Engineer: 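Just passing along the structure, written as structure tokens.
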Amino acid sequence: MKKIGVLTGGGDCPGLNAAIRAVVRKAMQYDWDIIGIKNGWKGLINGEMELLTDYSVSGILPKGGTIIGSSRTNPFKNEEDVKKILENIKRFKLDAIVAIGGDDTLGVAAKLHKLDVPVVGVPKTIDNDLSGTDYTFGFDTAVSIVTQAIDRLHTTAESHHRVIVVEVMGRHAGWIATMAGIAGGADEILIPEEPFDVEEVCRNVEQRYRRGKNFSIICVAEGARPKESDSLITKTDKKDEFGHVQLGGIGHYLAKEIEKRMDVETRVTVLGYVQRGGTPTAHDRVLATRFGIAAVETLKKGDFGKMVALQGNKIVPIELEQATNTSKTVDKELYDIAKVFFGR
Ligand code: F6P
């Protein structure tokens with residue numbers, strides 16, 4: 001093994017640079033060259049690459065985003081793109097690829113592996129929805145940003161006796177909402193895994209008023225939906241190359257529904273991309289570093305088609321397919337803990 005390509009695909013998240021740095025530094029121990037593939041799979045289709053040196057990864061550990069760029073490009077939408085990928089792997093003499101991504105990027109990696117491309121995956125996403133790993137990096141930072149926001153929203157909600165609805169990311173999983181909601185002491189947490197009843201949400205708010213707590217914080221995941229509706233609230237009808245709609249709007253929907261039913265003032269805060277930007281927490285820096293090192297070790301063993309995963313306190317290789325076939329949703333046990341505090 002001499003030359004390894006590394007790419008970051010999908011939505012960016014804090015910790016990507018820490019992972020890239022770890023891949024480069026570990027590969028240097030084996031005298032391998034690391035080539036940064038620009039903007040995810042798009043860079044491999046178009047042959048956009050740059051050599052990553054010790055110098056290029058200096059000082060990037062605390063930096064958010066990704067120095068090599070990202071995109072939501074799906075090469076399997078177009079056979080020609082898959083051909084170009086296979087050609088470019090030969091043309092640039094890449095012996096293997098480290099793909100750092102979520103279910104979409106790693107789903108592509110799994111398919112390429114079936115076409116004999118030597119690839120190892122590294123799990124990242126603020127959504128924490130990849131199977132087979134206890135955590136993805138980026139998640140802890142997002143949870144800590146949302147927790148801080150909920151802390152701040154408490155004081156203003158309390159001063160104005162308002163119901164504040166805070167809408168958070170997470171796509172079809174409620175991990176961010178559940179963890180940050182518990183950490184921030186949200187009075188109600190609504191997640192995609194359990195469609196909610198608006199009447200029940202109002203009853204909980206009412207109960208708090210009766211107990212002298214004349215404000216409430218409701219943390220709602222962007223993918224949550226009311227029981228009576230089959231469809232998700234989206235920003236546009238447009239889909240990305242992996243068929244995902246852009247979620248958003250449930251916070252405003254819910255606030256309106258509460259005002260229709262109760263004599264309370266509501267306000268909405270949509271945290272959006274703030275959750276994905278900026279410096280990673282220490283936890284995410286360490287996890288991303290461990291994953292990056294493990295990815296290179298997995299390549300060294302020739303153990304392709306794997307994703308490095310955190311299980312307990314160990315990093316283990318698992319099949320890429322196992323990680324990407326189904327998404328990991330919130331445990332009922334954890335959500336039940338959150339529920340103890342609803343309406344209290
Ligand atoms: O997967 C990460 C994520 O931030 C989701 O939580 C969110 O639904 C989505 O990406 C937003 O995607 P985009 O960056 O394409 O707007």
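Counting convention: from 1, in listed order, for ligands and their atoms alike. Predicted model only: the values in this text are computed from it and were never measured.
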Engineer: Flag the pair Glu241 and Lys77 as a salt bridge only when some basic side-chain nitrogen lies within less than 4.0 angstrom of an acidic carboxylate oxygen.
Structural biologist: no
Engineer: Got the residues with a heavy atom under 4.0 Å of ligand 1, by chain and number?
Structural biologist: Arg72, Ile126, Asp127, Met169, Gly170, Arg171, Glu222, Tyr273, Arg276
Engineer: Verify whether one side chain among Thr266 and Glu259 offers a donor that lies under 3.5 Å from an acceptor in the other.
Structural biologist: yes
Engineer: Do Thr298 and Asp303 pair up side chain to side chain, a donor and an acceptor below 3.5 Å, judged on atom types alone?
Structural biologist: no
Engineer: Any ion pair linking Glu206 and Arg208 (charged N to carboxylate O, less than 4.0 Å)?
Structural biologist: no
Engineer: Which is it for Phe137 and His283 under the ring pair (Phe, Tyr, Trp, His ring centres under 6.0 Å) test, yes or no, and what are the steps along the way?
Structural biologist: CA-CA 8 Å; Phe137 70 79; His283 172 94; over 10 Å; no
Engineer: Considering only residues two or more places apart or on different chains, which pairs with a residue in residues 269-279 satisfy side-chain hydrogen bond (donor to acceptor under 3.5 Å, both in side chains)?
Structural biologist: Asp12-Arg276, Thr279-Arg285
